[in-house]
Trainee: 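Structure in structure tokens, see below.
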Amino acid sequence: MSLPRVNAVVIGAGAGGGVVAKELCEAGLRVALLERGRWYTANDCRKDDLRNQRTSVLGNNSGPDEERNPRVFVDRDANRHIVLPSEGGYSNNAACVGGGTLTYGAMAWRYQPKDFRMRSTYGTPEGSTLDDWPISYEDLAPFYEKAEYEIGVSGDVSNDPFKGPRAKPLPMPPLPPTREYEILRPAAQRLGLHPFDLPMLRNSVPYNGRPPCMRCRWCVGFVCEVDAKCGTHNTVIPRALATGLCDLRLGCMVKEILTTDQGKITSVSYFDAHDRLQEQPADLVIVSGAAIESARLLLNSKSKLFPNGLGNRFDWVGRNLQGHAYSGATGLFDFDTYDDVGPGACIAICDYNHGNPGLRGGAMLANEFIRLPYQAVDMPPNGVRWGKAHKDFMRKAYRRTIKIMGPTQEMPVFDSRVQLDPTVKDFWGMPVAQLSGYQHPHTLEIAGVMAAKAEAWLKEAGAIQTWRNLPGNGVSGGQHQAGTCRMGNDPKTSVVDSWCRVHDADNLYVIDGSVHVTNGGFNPALTILANAYRASARLVQFWKGKV
Amino acid sequence: MAKRSALTRRRFLQVAATAAASSALISCGRHAGPWRFFTPGEARTIEALCEQIIPADQDPGATWAGTIYYIDSQLVGHFRKLQSTYRSGSAACDAVCRAAHGQPFAELPFDQQTAFLQRLPNTLQPFFDMVITHTMQGFYGDARHDGNRDAVSWRMLGIPVIPIRGRDHYEFPGKG
Amino acid sequence: MAFLRSRLALLALAIGILIVLGLPAASLYYEYSAGESCARCHEIRSEHSSWQTSTHRAVACGACHGEILTFDPGFHLGNARRLVQHIRGAYRDPIRLRTLDVNAMVGRCQKCHQQEAAQWQNGPHGITYESVFLDQKHNRSRLLMDDCLRCHGMFFEGGIRNLVAPLNTEGPWKLLPASVVQQPVIPCLTCHAIHRSGDPLHKDNDNDSSAKSAGREELYRPSLGFFDRRERANFSVAFLPLPVMFDSGRPVKISPDPRQSLCYQCHGPLASMEVHSGDDRTPVGVHEGLSCLACHQKHGQHTRASCSTCHPRLSNCGLDVEKMDTTFASTKSPHNIHFVKCLDCHPKGIPKKRSASARSSSYR
């Protein structure tokens with residue numbers, strides 16, 4: 001049985017889907033916004049330090065459902081592991097209204113101009129699919145600005161000399177400095193670096209009808225109790241709903257995208273909140289399920305014309321799965337550095353994103369988010385894991401450490417990928433995502449250098465002991481997952497065109513981190529939001545017959 | 001008069017049915033010990049392991065903090081899959097200990113326990129690693145999880161259990 | 001067919017009888033064992049054992065948790081539901097009091113603590129859900145959010161979206177559950193944990209109190225603590241912080257009275273820890289270093305007669321301190337009693353004190 005036709009189905013109410021739904025609805029399109037998760041609030045989350053999106057040892061606080069959504073993770077020795085959302089290797093982001101933006105740390109980075117031209121700048125290393133984006137920083141800049149103003153960003157990037165050109169300052173000032181800020185800023189300046197107040201999708205003053213951050217210690221991984229963290233759940237999605245044209249359906253797991261024999265996308269079939277199979281016909285279908293689930297959905301949507309999945313004629317769907325190779329260092333001080341003031345991360349440098357001799361890229365470095373005690377138990381550097389020595393270290397170090405980390409830009413790897421698992425099915429009987437692959441050795445080389453830079457900064461700040469935190473060599477993904485439906489002009493080496501339209505299908509779009517060719521040395525949220533604004537603008541023009 | 005007899009009848013009915021109901025419920029009362037999952041023997045072993053991992057010194061350790069309650073209750077909750085691992089792991093730990101020292105782990109003096117864990121056979125290492133992880137979660141995790149009584153670890157680290165935070169008295173422009 | 005139907009009817013009848021008779025009976029069984037049989041259920045064993053050492057050890061379970069001798073079907077069905085969950089192993093730990101349980105306890109507390117309850121009810125902390133969440137002036141200028149429930153309605157089961165609609169600054173607003181409208185948002189359990197370990201309260205005329213005779217007068221009642229909604233637990237004032245406060249960067253002297261840590265949970269400063277920021281009322285100026293409870297009565301918060309505790313009838317200048325231009329005399333005064341400084345009234349400098357006898361007490 002088929003539901004009444006809508007103009008567009010948007011699959012996933014996260015960063016990408018939320019923006020698309022709002023833009024389409026405001027242009028007058030009737031939209032069905034399908035979200036497999038729920039609409040969580042702070043009340044559902046209650047600051048549980050062992051059960052959240054950052055520390056999920058007792059589960060996640062914003063989805064997906066633990067029992068219904070397994071994945072398969074293939075390790076470097078080709079061993080298959082069935083993993084649940086809260087377990088390592090799953091690469092979970094979230095499943096809820098707002099997606100990752102509900103609980104993220106909310107760093108609001110624009111990628112730098114060179115991040116869109118990685119192949120032109122550096123050349124592609126062997127064993128990587130490093131390439132240029134089909135669009136430039138300048139193409140995206142107006143939409144970065146729109147995201148900064150519509151979703152809301154605080155900070156002060158005027159002291160960052162490495163940023164791309166920008167027309168306007170950020171809409172909100174930075175939050176007042178923390179103790180870590182006061183320690184790290186002069187140290188960076190002494191090293192000749194260029195520290196600044198990092199941009200955050202978080203209110204520092206009343207903005208968009210919501211209050212400022214109250215600076216509690218439960219930030220990244222948690223739902224904000226005062227709604228100061230800006231995500232699609234409290235900005236664009238409510239605006240989409242206010243148009244009266246957006247039908248947000250929760251608990252809806254999309255099964256497949258249906259196609260005519262001629263290759264025209266006709267509808268989406270999904271299991272509704274009562275697990276009944278529904279079919280929603282639509283003129284446009286926009287997939288915004290994040291890199292792993294978007295790829296899985298395309299692969300699961302098989303038809304006569306697309307026997308290997310939608311958009312997968314050249315076997316690029318699910319390829320180049322990437323996140324960030326996080327690396328950095330921890331420093332122990334002989335005075336208190338902890339001040340119990342959130343969100344913690346507040347100061348950054350972009351001196352090492354590019355221009356590192358012999359390296360293709362680098363990372364933004366910033367101090368870490370405020371850490372709850374359990375997040376510090378793996379901290380001791382000397383292999384001390386238990387006993388009195390461990391307890392002594394915790395007592396000595398917990399209030400006296402600063403951690404600087406950076407998201408090292410990855411060299412994409414063709415064999416790091418999302419596939420359909422041949423045997424494991426989810427609750428609804430659909431093949432689950434199987435993740436496999438590895439980090440390119442050059443990524444790890446860059447990460448090592450970034451860790452050394454972080455360590456040098458901490459030493460200059462007065463750390464009496466420092467140690468490095470290095471990434472593993474397994475496939476990356478997690479909350480920064482990207483790359484699986486690459487954007488490109490050549491249909492043979494990409495999945496979507498520069499406007500996020502799937503090459504083989506006129507009315508099918510992928511609008512989320514999947515389309516990122518490379519993922520910058522930055523947290524990707526603002527780029528996903530900006531690109532969603534850009535792609536939506538084109539979609540609206542297309543709808544109105546103007547292109 | 002009528003009212004009084006109604007009350008008596010009500011009371012009579014209640015008391016009469018008490019016997020039947022109580023016989024069914026007494027069996028629950030026989031369930032000895034505070035454990036959801038562990039047997040008393042297992043609990044002694046695990047508690048001794050927890051105390052080795054976070055021993056009492058100037059600040060209370062894992063036993064005082066009740067960290068084992070966290071593990072026990074999670075073993076019938078989020079850690080259900082690990083029940084057999086705990087069961088066989090604690091048995092193996094005691095078996096190896098008996099073979100070497102003639103006593104189960106919990107009966108050894110504290111320093112001898114430490115020495116035993118420092119030279120743990122490879123077969124027991126994964127089990128001990130898991131207990132370390134869970135002990136850290138219970139002891140350093142939020143007090144609500146029952147492994148960190150009175151938030152003792154947070155107070156040890158100098159973290160107020162609940163911080164003091166007021167709210168800004170903002171007003172939205174043009175409103176009110 | 002008819003046979004089957006009669007068997008079914010018989011079964012239904014049997015189940016009905018079991019429910020009608022069995023449940024109150026089971027409840028009665030628990031009532032008549034002084035709590036011992038309650039604790040047979042290991043789900044509440046820790047609650048039971050904490051009660052045995054608590055300030056309320058002499059008060060029977062039913063006195064606070066509801067009389068068992070009730071034909072209220074909800075009460076017994078609730079117990080039956082818990083029993084089924086228990087047998088299926090699907091119980092939640094720990095058992096929590098529901099919103100209505102907490103509200104029902106107010107009346108039960110009142111039975112013994114009449115004076116305190118009356119003061120609380122007539123003071124600013126006796127406010128109801130209706131007066132807090134349907135405040136037009138507030139709701140028009142500020143957005144309601146989950147964090148409001150931290151200090152108002154901390155026992156409410158559900159988030160703000162389950163309590164008030166619509167969640168905007170346009171209104172008109174209404175409370176979604178009608179049952180809470182007239183209920184208090186800061187019930188007794190907000191600041192008192194009934195099961196916390198301690199000696200039972202002795203009346204003031206009981207001069208043989210063991211604590212007093214041992215020379216250890218208690219600083220605060222052991223029950224005193226704050227119910228943190230996020231943790232769903234009441235934390236003793238012994239574990240609650242007193243802030244380190246600043247007045248434009250200058251460290252402020254704070255009374256060490258630990259009871260104030262309760263006040264600070266809701267009347268707290270912003271993260272800057274500056275006095276008068278956020279909801280802070282830390283006294284600076286002439287009253288710096290005073291405890292909140294030096295002036296504010298415990299349950300009613302009123303400050304009547306508080307001035308005369310420390311001040312002589314007339315000030316150095318011969319003025320009645322209670323009639324000076326401060327917020328004590330009039331809420332419209334520019335001189336907030338919490339922050340008023342000597343220079344506010346003596347802009348040309350503070351005059352010398354006239355005599356030693358008129359010197360105000362430095363009793364803090």
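Chain naming here is simple, since letters A, B, ... match the order of the sequence lines and numbering starts at 1 in each.
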Trainee: Kindly provide each donor-acceptor pair between chain C and chain A shorter than 3.5 Å, listing atom names and distance.
Mentor:
unit_1	atom_1	unit_2	atom_2	d
C:D146	OD2	A:T41	OG1	3.2
C:D146	OD2	A:A42	N	3.2
C:D146	OD2	A:N43	N	3.1
C:D147	N	A:E225	O	3.1
C:R161	NH1	A:W39	O	2.8
C:R161	NH2	A:W39	O	2.7
C:R161	NH2	A:D44	OD2	3.3
C:R229	O	A:R46	NH1	3.1
C:R229	NH2	A:N43	OD1	2.7

Trainee: Sequence neighbours left out, what passes side-chain hydrogen bond (donor to acceptor under 3.5 Å, both in side chains) with C:K174? Give chain and number order.
Mentor: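 Per chain and number, C:K174 pairs via side-chain hydrogen bond (donor to acceptor under 3.5 Å, both in side chains) with no residue.
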Trainee: For C:C151, give me all partners under side-chain contact (heavy atoms from CB on, under 4.5 Å), at least two apart in sequence or on another chain.
Mentor: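 For C:C151 the side-chain contact (heavy atoms from CB on, under 4.5 Å) partners, ignoring immediate neighbours, are C:C266.
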Trainee: The criterion is side-chain contact (heavy atoms from CB on, under 4.5 Å); which residues satisfy it with C:S179, sequence neighbours excluded?
Mentor: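 Listed in chain order: C:P177.
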Trainee: What residue, out of C:G278, C:C148, C:A271, C:G158, has the most heavy-atom pairs lying under 4.5 Å from chain A?
Mentor: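 The candidate making the most pairs under 4.5 Å is C:G158.
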